[in-house]
J.: 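The following block contains the structure, expressed as C-alpha cells.
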2 protein chains.
Amino acid sequence: MSDRLPPLTALRAFDAAARHMSFSKAAAELNVTPAALSFQIKSLEEHLEAPLFRRLNRAVELTDAGRALAPGAADGFTALSAAWRAARRTVDQTTLTVTAGPAFTAKWLAPRLFTFAEQHPGIELRFSATLRLMDFTRDDVDVAIRFGFPREEEGLFSRKIIDEWLTPMMSPALAEQYPTPADLARAPLLHQVDTAMFKPSFDWPAWFRAAGLPPRFASGTQFSQADHALDAAVAGGGVVLARISLAEGDLREGRLVMPYKIALTTQAQYRFVCPDGVENRPQVKAFLGFLEEQTQALSGYGQDMTFVDAAEVAD
Amino acid sequence: MSDRLPPLTALRAFDAAARHMSFSKAAAELNVTPAALSFQIKSLEEHLEAPLFRRLNRAVELTDAGRALAPGAADGFTALSAAWRAARRTVDQTTLTVTAGPAFTAKWLAPRLFTFAEQHPGIELRFSATLRLMDFTRDDVDVAIRFGFPREEEGLFSRKIIDEWLTPMMSPALAEQYPTPADLARAPLLHQVDTAMFKPSFDWPAWFRAAGLPPRFASGTQFSQADHALDAAVAGGGVVLARISLAEGDLREGRLVMPYKIALTTQAQYRFVCPDGVENRPQVKAFLGFLEEQTQALSGYGQDMTFVDAAEVAD
DNA sequence: GGCTCACATAAGGGATACTTAAGTGAAATG
DNA sequence: CATTTCACTTAAGTATCCCTTATGTGAGCC
C-alpha cells in the first residue's frame with residue numbers, strides 16, 4: 001500500500017469504470033477487452049489492498065474506497081486531457097478558435113468571416129460566442145476578444161482593436177422624423193443592459209449630458225445584448241446609442257444613419273487577448289493582421305463628429 | 001497527433017521534468033535513469049509532433065507547447081495523487097486526521113488526546129487546526145469538527161456533538177469583586193470576534209438583554225480566537241462570555257467560575273462532519289464514541305442555570 | 001586542452017498490458 | 001424449471017512498452 005501513485009493505466013481504467021459503472025463499457029471506451037479492464041481494476045485493488053468495486057452479478061457498485069477515489073480521479077484525467085488539448089492547439093496551425101461576446105460575434109466577426117476565409121484559405125476559424133470569461137488553459141479556446149477597460153494581466157498578451165465611440169443611430173426613415181438631437185425627447189429609445197456595469201458610463205443619460213440636453217431615463221425597450229438593440233433600430237423600432245464597432249456594417253449598408261454630430265468616447269474598448277506566446281503562432285498573426293486591417297475602415301465614420309469623453313459627463 | 005490522451009507515463013515524466021526544469025532531477029524523482037526519462041519526453045514529443053523542450057546544452061527550457069501543457073499536467077497529477085491519498089485513508093485503520101478550529105483544538109481536543117490514546121492505542125490521531133473549511137476529497141483530512149448552525153449537506157454525514165450555551169465566566173478572585181450580574185457594569189469585558197457573524201448573535205449585548213440589564217457595548221479587549229479570550233480570563237484579565245464546551249476544562253480545574261445563573265442558549269453548535277460512509281470506519285466510530293462519552297460530562301454544568309435562548313433576545 | 005555536466009542514442013532484457021478462450025454465477029426468458 | 005444471457009473473472013500466451021547499461025555529443029568550466 002504505497003503512498004506513491006499507482007500505475008496510471010490502472011487508474012485510468014478505474015476512472016472509466018467508475019464513470020460508466022460498468023467494466024465492459026469502460027473497456028469499450030478504452031478500446032480494450034473486458035478482460036484487460038478487469039485485470040487493471042484488480043491490479044489497482046491490489047495496490048490499495050482493498051476492493052474498489054463490489055461485484056454484484058449483473059452490475060458493479062463502488063465501495064467507500066472507490067467513492068473516495070472516483071471524483072478526484074475524474075478531475076485529474078479531465079485536467080490532463082484539457083492540458084493535452086491545449087498543447088495540441090499550440091501545434092495546430094490550421095485552426096484558430098476565437099471567443100467573443102454574442103454582439104461582437106454577430107455584428108463584426110460573422111459578417112467578415114468570408115473575407116478572412118478568402119485571404120487565409122488554410123486557416124479554419126471557429127467561434128465560441130459567450131460572455132463568460134474563458135480560462136485559456138481549461139477551455140478549448142486560443143484567443144479572446146473582450147470589451148472592457150485596458151488592463152494588463154500577468155501572462156496575457158493584450159492589444160486594443162478599436163477606439164470606441166457611440167452616437168445615436170436609427171433607420172433613415174426615423175432620422176427624417178427626428179432631425180435634431182432635441183427631437184429625441186419624443187423618440188423611442190432603445191437601451192442595452194450589457195454595458196450597464198461600466199463606470200464612467202456611456203449610456204443615454206451620458207449622451208444627453210454631452211449634447212447639453214435634459215436626460216431621459218428609464219423609457220423605451222431594454223435589450224440584453226447590443227446586437228438585438230441594433231437589429232431593433234434597423235427595423236425602425238427606435239433610436240439606439242450604439243458602439244461604432246458594432247454598427248459599422250449597418251451604417252455601410254445604409255440601414256442605419258447617424259444624424260447628429262455629437263459622439264461619446266469611452267476608455268472601454270474591444271481588446272484582443274491571448275496567453276503570452278500564442279500571439280506568435282502563424283494563424284494568430286494572420287488573425288491579428290486581419291483585425292487591424294478591418295478596423296481601419298472605422299476611422300472614416302468619425303470625420304465630422306464632435307467627441308465628448310464619457311468621463312467628462314459622468315453622473 | 002491524436003486527440004486522445006498520450007501515454008500517461010510519458011505525461012508524468014514531462015510533468016516532473018517541467019517542475020524541475022531538468023531531465024536528470026525528474027528521473028531521480030521518478031526513480032528511473034535519465035536515459036529512460038529522455039525517451040519518455042521524446043515519445044511524448046512524437047505524439048504531439050512538436051518539441052516540448054528546447055535543449056540548451058546545460059539546461060532545458062519549455063517551448064510554447066510545453067508551456068501550454070505544463071500547468072494543466074501539474075494540476076492533473078496533483079488531483080490524481082490527492083484522490084489516491086483519499087482512497088488510501090479509507091483503507092488505513094490506524095490513523096485518523098481531524099480538523100477543527102484553533103479554539104476547539106486547544107481547549108477541548110488537545111487536553112483529551114491522552115485519554116483517547118489510552119482507550120485506543122492502535123489509533124494515531126492527527127490534528128489540523130484551521131478555520132478554513134476543508135474539502136475532504138482534496139485535503140488530507142478524514143473528519144471535521146465545525147461550529148455553526150445545523151445544516152444538512154449532500155454527501156456529508158453530520159452529527160451534533162454539544163448543546164451549546166454561554167454564561168459569564170471569570171477567575172475566582174474576580175468573582176468576589178463582581179458577585180452579581182449588575183456588578184458587570186464596572187467589570188472589564190473580554191470579547192471574541194470569531195463568533196460575531198452568527199445571527200441571532202450570542203455576544204455580550206445579548207446576554208445583558210437576557211439578564212434584564214442595560215447592555216454595554218464596545219468596551220474591553222477583542223480576541224480573534226475564543227481560546228485566547230478564555231486564557232485571558234483565567235489570568236484574571238476580565239470576564240468572558242464563554243461557550244461551555246470550551247470552558248469545561250478551566251471550570252473543572254477551578255480556574256474559572258460561573259457566578260451568575262443566567263445562560264444564553266444558541267442553535268449554533270459544535271458538529272462532527274465527514275463524507276458519507278466515512279462514519280463507518282472503525283477509527284471514526286471509535287472517535288465518535290469518544291466524543292459522545294466526553295461531552296456527557298458537560299451536562300452537569302447547567303444544573304441550576306436559567307436558560308434564555310439567543311433568538312428571544314435578538315437585537 | 002582536457003574535464004565535467006546534461007542530455008541523446010543504441011541495443012537488449014524484463015515487466016506490463018493486452019488478447020483469446022474458457023469459466024462462473026445470477027438474472028432474465030420461455 | 002431449464003435455458004439463455006449477461007457481466008465479470010481467470011488462465012495462458014504474446015506483443016508492446018519501458019527501463020537498463022553503455023556509449024556518444026556538445027558546451028561550459030578550470
Side-chain angles (χ1 to χ4, degrees), chain A residues 2 4-63 65-67 69-70 73 77 80 84, chain B residues 1-2 4-63 65-66 69-70 73 77 80 84:
Chain A
S2 84
R4 299 192 70 84
L5 271 178
L8 292 168
T9 42
L11 249 191
R12 186 169 46 170
F14 168 79
D15 172 51
R19 279 187 285 106
H20 292 293
M21 286 310 280
S22 154
F23 288 12
S24 39
K25 282 180 191 161
E29 177 187 310
L30 299 174
N31 295 316
V32 295
T33 56
L37 204 119
S38 178
F39 270 103
Q40 294 290 4
I41 302 284
K42 192 183 169 190
S43 120
L44 197 63
E45 291 176 326
E46 276 164 14
H47 270 268
L48 188 62
E49 296 173 12
L52 288 161
F53 285 99
R54 204 166 296 118
R55 275 78 164 174
L56 314 176
N57 257 303
R58 214 81 179 174
V60 290
E61 63 179 37
L62 288 167
T63 62
R67 270 202 301 280
L69 181 57
F77 286 112
L80 290 182
W84 183 248
Chain B
M1 185 162 69
S2 84
R4 299 193 71 84
L5 271 178
L8 292 169
T9 43
L11 248 190
R12 184 168 47 171
F14 168 79
D15 173 50
R19 277 186 287 107
H20 293 292
M21 284 313 277
S22 155
F23 288 12
S24 38
K25 283 179 190 162
E29 176 186 312
L30 299 175
N31 296 314
V32 296
T33 56
L37 204 119
S38 178
F39 272 106
Q40 294 291 1
I41 303 284
K42 193 183 168 191
S43 118
L44 196 62
E45 291 177 326
E46 277 164 10
H47 269 269
L48 188 63
E49 295 173 13
L52 288 160
F53 286 99
R54 205 166 295 118
R55 274 80 165 172
L56 315 176
N57 258 302
R58 215 78 176 173
V60 290
E61 62 180 38
L62 287 166
T63 61
L69 181 56
F77 286 111
L80 290 183
W84 184 247

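Just so it is clear: chains get the letters A, B, ... in the order the sequence lines come, proteins before strands, and each one is counted from 1. Computed over heavy atoms, backbone and side chain alike; hydrogens, waters and symmetry mates excluded.
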J.: Across the strands shown, which category fits S24(B) at heavy-atom distances under 4.0 angstrom: base, sugar-phosphate, nothing?
T.: sugar-phosphate
J.: Sugar-phosphate atoms are those with a prime plus P, OP1 and OP2; base atoms are the rest. Using that split, label each nucleotide of nucleotides 19-30 of chain C B, S or - for protein heavy atoms under 4.0 Å, 5' to 3'.
T.: BBB---BBB---
J.: Any side-chain N or O of R55(B) under 4.0 Å from OP1/OP2 of dA6(C)?
T.: no
J.: Going by side-chain hydrogen bond (donor to acceptor under 3.5 Å, both in side chains), name the pairs with one or both residues in residues 30-42 of chain A, residues two or more places apart or in two chains.
T.: none
J.: Can you list everything that forms a ring pair (Phe, Tyr, Trp, His ring centres under 6.0 Å) with F53(B)? Sequence neighbours excluded, please.
T.: F14(B), F23(B)
J.: Quick check on the helix from dG1(C)-dC30(D) to dG30(C)-dC1(D): what's the angle between its two end axes, five base pairs per end, to the nearest 10°?
T.: 30°
J.: Would you compute the distance between atom CG of L48(A) and atom OG1 of T63(A) and round it to the nearest 0.5 angstrom?
T.: 8.0 Å
J.: Sequence neighbours left out, what pairs pass salt bridge (charged side-chain N to carboxylate O under 4.0 Å, His left out) with at least one residue falling in residues 21-32 of chain B?
T.: R19(B)-E29(B)
J.: How about L80(A) and L8(B): do any of their side-chain heavy atoms sit closer than 4.5 Å?
T.: yes
J.: With sequence neighbours excluded, tell me which residues meet side-chain hydrogen bond (donor to acceptor under 3.5 Å, both in side chains) with S22(A).
T.: S24(A)
J.: The criterion is ring pair (Phe, Tyr, Trp, His ring centres under 6.0 Å); which residues satisfy it with F77(B), sequence neighbours excluded?
T.: none
J.: Tell me which residues in residues 15-23 of chain A put a heavy atom below 4.0 Å from DNA chain D, sorted by number, or none.
T.: S22(A), F23(A)
J.: For the residue pair T9(A) and T9(B), establish whether any side-chain heavy-atom pair is separated by less than 4.5 Å.
T.: no
J.: Output all residues satisfying side-chain hydrogen bond (donor to acceptor under 3.5 Å, both in side chains) with R12(A), sequence neighbours left out; order by chain, then residue number.
T.: none
